[in-house]
**Q** 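For reference, the structure I am asking about is given below.
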Amino acid sequence: MPHRHRIQFPPHDANNLEQDEVTFHVVEGERRLELRFHDYDQIYLRPGLYEQVFYDRLKCTSPKKVGELLKRTLDGSEKNFTEMRVLDLGAGNGMMGELLKSYGVARLVGADIIPEAKDACYRDRPGVYDEYYVADFTNLKPELVEEISDWSIDCLTSVAALGFGDIPPEAFFQSLQFVAKGGWVAFNIKETFLDRSDTSGFSRFIRELIFSKYLDIHHIERYRHRLSMEGTPLYYFALVAQKTADIPNDFLQANGIGS
């Protein structure tokens with residue numbers, strides 16, 4: 001039986017907080033530890049805590065939703081899913097990777113910025129990824145760029161990781177550069193990121209990318225990502241697109257995004 005943690009959600013209303021500002025408590029013996037929802041380094045140190053909070057309590061559906069949409073799209077194309085070489089950005093402890101593995105992808109490479117994510121993945125889901133890189137995709141060393149390129153990536157996935165500062169535009173842009181022309185991209189984003197009232201760099205980047213000539217959107221769907229602590233549905237968009245052309249290296253700067 002997996003270890004069950006004593007979790008306490010604060011009684012106060014958190015609806016006015018951003019998702020990365022919300023906190024909860026884990027009771028460990030005499031200690032009551034406060035963690036933010038995005039304190040992934042501390043969450044991943046505790047086996048099963050991530051799944052217990054986000055999937056058992058808050059009913060997150062995103063890996064399944066994005067994975068199913070990607071598989072459905074590829075099944076309707078000439079591309080065989082079992083031939084795909086996938087880069088899973090923001091891989092965490094491997095939940096999306098586990099789903100992709102069950103679909104029979106040829107090669108699966110994980111990447112995350114914190115070592116605790118890789119450690120948790122190897123602890124909880126050993127053998128899911130053919131390789132797992134701990135790296136800052138905004139500042140990759142040339143030898144690592146070459147190594148990842150050697151995987152001949154033709155599909156990029158990123159689930160519950162984009163925006164909120166977890167993966168900035170520069171990192172997602174770099175990951176897109178590894179995808180071969182004609183390859184596929186599947187990710188999810190908070191619904192407000194497609195609203196023009198959101199002027200954040202990431203929101204503008206996603207909108208410019210979606211309406212550019214470099215991606216051909218095959219599927220976009222609004223769905224319930226998970227519940228808030230108060231039980232309110234939080235809606236995201238899941239997108240599946242095909243990379244139709246190489247994206248210029250100055251794409252971000254040309255659109256006034258990033259540094």
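These numbers come from a predicted model, not from an experiment.
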**Q** Can you measure from CG (L239) to OG (S158) and round to the nearest 0.5 angstrom?
**A**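 Answer rounded to 0.5 Å: 11.5 Å.
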**Q** Take N139 and E170 through the side chain to side chain donor-acceptor pair (under 3.5 Å) test and state the conclusion after the steps.
**A** CA-CA 9 Å; N139 187 29; E170 296 86 351; over 6 Å; no
**Q** If you group Ile, Leu, Val, Met, Phe, Trp and Tyr by side-chain heavy-atom gaps below 4.5 Å, do I220 and L209 land in one group?
**A**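 Yes, one cluster joins them.
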**Q** For Y44, check ring-ring contact (aromatic ring centres under 6.0 Å, His included) against everything at least two apart and list the hits.
**A**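 Result, ring-ring contact (aromatic ring centres under 6.0 Å, His included) vs Y44: Y40, Y50.
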**Q** State yes or no: do I217 and I247 share one hydrophobic cluster built from I, L, V, M, F, W and Y residues joined by side-chain heavy-atom distances below 4.5 Å, directly or via other members?
**A**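 Result: yes, single cluster for both.
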**Q** Taking C-beta and beyond as the side chain, do L58 and F37 meet within less than 4.5 Å on heavy atoms?
**A**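 When only atoms from C-beta onward are counted, F37 and L58 do touch, with a gap below 4.5 Å.
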**Q** Which heavy atom in G97 sits nearest to a heavy atom in D88, and how many Å separate them?
**A**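 Here G97 and D88 meet closest at N-OD2, 3.6 Å.
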**Q** What is the distance from atom CG of L252 to atom CD of Q174, rounded to the nearest 0.5 Å?
**A**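 The CG atom of L252 sits 10.5 Å away from the CD atom of Q174.
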**Q** Quick check: does any side chain N or O of E131 sit under 3.5 Å from a backbone N or O of V109, one acting as donor and the other as acceptor?
**A**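 Between the backbone of V109 and the side chain of E131 there is no qualifying donor-acceptor contact (under 3.5 Å).
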**Q** Should the pair D130-R85 be classified as a salt bridge under the 4.0 Å nitrogen-to-oxygen rule?
**A**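 Salt bridge absent between D130 and R85.
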**Q** What's the spacing between Y55 OH and S62 OG if we round to 0.5 Å?
**A**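 Reported to 0.5 Å precision, the distance equals 6.5 Å.
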**Q** Please enumerate all residues that pass salt bridge (Lys or Arg N to Asp or Glu O under 4.0 Å) together with D75, with sequence neighbours excluded.
**A**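 So D75 forms a salt bridge (Lys or Arg N to Asp or Glu O under 4.0 Å) with K71.
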**Q** Among all residues two or more places apart in sequence or in another chain, which pass the side chain to side chain contact (heavy atoms under 4.5 Å, CB included) test with T244?
**A**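 Scan of T244 (side chain to side chain contact (heavy atoms under 4.5 Å, CB included), adjacent residues dropped) gives D216.
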**Q** Of the non-hydrogen atoms in N255 and F251, which two are nearest, and what is the gap between them?
**A**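 Minimum heavy-atom contact is ND2-O, 2.8 Å.
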**Q** Less than 3.5 Å apart, any donor N or O on the side chain of R32 or Q8 sitting next to an acceptor on the other?
**A**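 Present: a donor and an acceptor within the cut-off.
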**Q** In a table with atom names and distances, give each donor-acceptor pair under 3.5 Å that connects a side chain of residues 141-149 to protein atoms at least two apart or in another chain.
**A**
from : atom 1 : to   : atom 2 : distance (Å)
E147 : OE2    : Y133 : OH     : 2.9
S149 : OG     : V145 : O      : 2.7

**Q** How long is the straight-line distance from CZ of F24 back to CD1 of I7, given to the nearest 0.5 Å?
**A**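 Separation between the atoms: 6.0 Å.
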**Q** Give the minimum heavy-atom separation between T82 and A106, together with the two atoms involved.
**A**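 Here T82 and A106 meet closest at O-CB, 3.2 Å.
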**Q** Under a 3.5 Å cutoff, is there a donor and acceptor pairing between the side chains of H218 and T73?
**A**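 There is no such pair (donor and acceptor under 3.5 Å, judged by atom type) between the side chains of H218 and T73.
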**Q** Of all residues at least two apart in sequence or in a different chain, which pass the ring-ring contact (aromatic ring centres under 6.0 Å, His included) check with H5?
**A**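 With neighbours one apart ignored, the set is H3.
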**Q** What verdict does the side chain to side chain contact (heavy atoms under 4.5 Å, CB included) test give for F178 and L140, after you've listed the backbone C-alpha separation in whole Å, the side-chain angles of each residue and the deciding distance to 0.1 Å?
**A** CA-CA 12 Å; F178 289 118; L140 291 179; 3.8 Å; yes
**Q** Once salt bridge (Lys or Arg N to Asp or Glu O under 4.0 Å) is applied, do any residues pair with R222, and if so which ones, sequence neighbours excluded?
**A**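 In terms of salt bridge (Lys or Arg N to Asp or Glu O under 4.0 Å), with neighbours along the sequence ignored, R222 is linked to E191.
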**Q** Using the test salt bridge (Lys or Arg N to Asp or Glu O under 4.0 Å), find all partners of R6 that sit at least two apart in sequence or belong to another chain.
**A**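 For R6 there are no salt bridge (Lys or Arg N to Asp or Glu O under 4.0 Å) partners, ignoring immediate neighbours.
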**Q** Which heavy atom of G94 sits nearest a heavy atom of Y129, and at what distance?
**A**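 Of all heavy-atom pairs spanning G94 and Y129, the closest is CA-OH, 3.6 Å.
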**Q** Show, in sequence, the C-alpha distance, side-chain angles and deciding distance for F187 and F237, and conclude whether the side chain to side chain contact (heavy atoms under 4.5 Å, CB included) test is met.
**A** CA-CA 8 Å; F187 61 97; F237 281 101; over 6 Å; no
**Q** Is any side-chain heavy atom of H225 closer than 4.5 Å to one of N188?
**A**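 Yes - at least one pair of side-chain heavy atoms lies under 4.5 Å apart.
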**Q** Between OG of S152 and CG of L87, what distance do you get to the nearest 0.5 Å?
**A**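 Between atom OG of S152 and atom CG of L87 there are 12.5 Å.
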**Q** Got a second to check how far R57's CZ is from E51's CD, nearest 0.5 Å?
**A**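 Rounded to the nearest 0.5 Å, the CZ-CD separation comes out at 15.0 Å.
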**Q** Quick one: which residue pairs count as a salt bridge (Lys or Arg N to Asp or Glu O under 4.0 Å) with a foot in residues 91-110, not counting sequence neighbours?
**A**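 Every salt bridge (Lys or Arg N to Asp or Glu O under 4.0 Å) pair that includes a residue of residues 91-110, provided the two are not neighbours, is E98-R125.
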**Q** Any side-chain heavy-atom pair from L100 and L70 closer than 4.5 angstrom?
**A**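 Side chain of L100 against side chain of L70, heavy atoms only: contact under 4.5 Å found.
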**Q** Please name all residues satisfying side chain to side chain contact (heavy atoms under 4.5 Å, CB included) with K59, sequence neighbours left out, ordered by chain then number.
**A**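 Per chain and number, K59 pairs via side chain to side chain contact (heavy atoms under 4.5 Å, CB included) with R224, L227.
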**Q** Which pairs with one or both residues in residues 63-113 pass ring pair (Phe, Tyr, Trp, His ring centres under 6.0 Å), sequence neighbours excluded?
**A**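 Pairs touching residues 63-113 that pass the test: F81-Y103.
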**Q** Kindly write out the residues that satisfy side chain to side chain contact (heavy atoms under 4.5 Å, CB included) with N249, not counting sequence neighbours, or none if the list is empty.
**A**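 Residues passing side chain to side chain contact (heavy atoms under 4.5 Å, CB included) with N249: Q177.
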**Q** Can you list the steps and then say if W184 with V240 is a side chain to side chain contact (heavy atoms under 4.5 Å, CB included)?
**A** CA-CA 7 Å; W184 298 86; V240 179; 4.2 Å; yes
**Q** Are the side chains of L49 and V53 in contact, using a 4.5 Å heavy-atom criterion?
**A**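 V53 reaches L49 side chain to side chain.
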**Q** Dump the intermediate steps for side chain to side chain contact (heavy atoms under 4.5 Å, CB included) on T157 and V66, then the final yes or no.
**A** CA-CA 9 Å; T157 60; V66 176; 5.6 Å; no
**Q** What pairs of donor and acceptor atoms, side-chain ones from residues 110-118 against any protein atom, are under 3.5 angstrom apart with sequence neighbours left out?
**A**
from : atom 1 : to   : atom 2 : distance (Å)
D112 : OD1    : I114 : N      : 3.4
D112 : OD2    : A91  : N      : 3.4
D112 : OD2    : G92  : N      : 2.9
K118 : NZ     : Y132 : O      : 3.3

**Q** A side-chain contact here means heavy atoms from C-beta on lying under 4.5 Å apart; do K190 and Y235 qualify?
**A**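 A side-chain contact under 4.5 Å is absent here.
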**Q** Answer whether the closest heavy-atom distance between the side chains of L89 and F172 falls below 4.5 Å.
**A**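 In short, these two side chains touch, coming nearer than 4.5 Å.
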**Q** Compare every heavy atom of R46 with every heavy atom of L33, then report the nearest pair and how far apart it is.
**A**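 Minimum heavy-atom separation between L33 and R46: CD2-NH2, 3.3 Å.
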**Q** Might you point out which heavy atoms bring K243 and L176 nearest each other, and give the distance in Å?
**A**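 Shortest heavy-atom contact: NZ-O, 2.8 Å.
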**Q** Contact between F54 and R226 at the side-chain level, heavy atoms closer than 4.5 Å - yes or no?
**A**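 When only atoms from C-beta onward are counted, R226 and F54 do touch, with a gap below 4.5 Å.
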**Q** Is there a side-chain contact between P168 and F173 in this structure, where contact means two heavy atoms from C-beta onward sitting under 4.5 Å apart?
**A**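 No, their side chains stay 4.5 Å or more apart.
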**Q** Output yes when a side-chain donor or acceptor of S228 lies under 3.5 Å from a complementary backbone atom of T232, and no otherwise.
**A**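 A pair under 3.5 Å: yes.
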